[in-house]
Amino acid sequence: MAEGTCSHLAAIATIRHPKHQQCDECVKIGSGWVHLRTCQECGVTLCCDSSPNRHASKHARASAHPVIASAQPNERWLYCYPDDAFADY
Ligand SMILES: [Zn+2]
Ligand SMILES: [Zn+2]
Ligand SMILES: [Zn+2]
């Protein structure tokens with residue numbers, strides 16, 4: 001990925017970290033998840049696209065919140081859905 005192609009990632013000044021290590025939407029419906037992602041617009045933590053319910057990408061589309069960060073403790077990257085762009089931090 002070429003740097004500077006995504007204005008959403010460039011606009012992130014402070015990384016939002018997960019408040020809880022859980023997907024609240026999955027907890028509500030009694031489901032499970034694989035990995036967690038934190039929305040950089042509103043701070044909600046939801047499950048990744050490898051999870052059965054894909055709540056993070058559904059939230060990104062429904063709310064037009066483009067950028068998530070990995071909520072995995074050992075991972076430090078951001079992802080922009082509309083531009084399909086990754087960035088390390
Ligand atoms: Zn973008
Ligand atoms: Zn979920
Ligand atoms: Zn959001």
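Each ligand, and each atom within it, is numbered from 1 in the order the structure gives. Since this is a predicted model, take the numbers as computed values, not measurements. Atom set for the values below is all heavy atoms of this structure, side chains included, hydrogens, waters and symmetry mates excluded.
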Which atom name would you report as the N, O or S atom of Asp83 nearest the Zn ion (ligand 1)?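 The Zn ion (ligand 1) is closest to the Asp83 atom OD2, counting only N, O or S.
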Of all the N, O or S atoms in His8, which one sits nearest to the Zn ion (ligand 1)?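 Sorting the N, O and S atoms of His8 by distance to the Zn ion (ligand 1) puts ND1 first.
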Using the Zn ion (ligand 3) as the apex, give the angle to atoms SG (Cys39) and ND1 (His65), rounded to 10 degrees.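 Rounded to 10°, it measures 110°.
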Where the Zn ion (ligand 3) is the corner point, what angle links SG of Cys42 with NE2 of His59, to 10°?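 For SG of Cys42 and NE2 of His59, the angle centred on the Zn ion (ligand 3) reads 110°.
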Aromatic rings Trp77 and Phe86: how do their planes relate, parallel, tilted or perpendicular, breaks at 30° and 60°?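 Ring orientation of Trp77 relative to Phe86: perpendicular.
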Among the N/O/S atoms of His55, select the one at the shortest distance from the Zn ion (ligand 2) and name it.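 Answer by atom name: ND1.
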Would you give the length of the straight line joining atom CG of Asp49 to atom NE2 of His55, rounded to the nearest 0.5 angstrom?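 It comes to 11.5 Å.
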Side chains of Leu36 and Gln72: closer than 4.5 Å at any heavy-atom pair?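 Yes, side chains in contact.
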Flag side-chain contact, heavy atom, 4.5 Å: Arg37 against Arg54: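 Sidechains of Arg54 and Arg37: no contact.
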Just one of Leu78, Asp83, Asp84 clears the side chain to side chain contact (heavy atoms under 4.5 Å, CB included) bar with Cys80, so which one?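 Among Leu78, Asp83, Asp84, the one that satisfies the side chain to side chain contact (heavy atoms under 4.5 Å, CB included) with Cys80 is Asp83.
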Opening angle at the Zn ion (ligand 2) [SG, Cys26; SG, Cys23; to 10 degrees]: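 Seen from the Zn ion (ligand 2), SG and SG are separated by roughly 110°.
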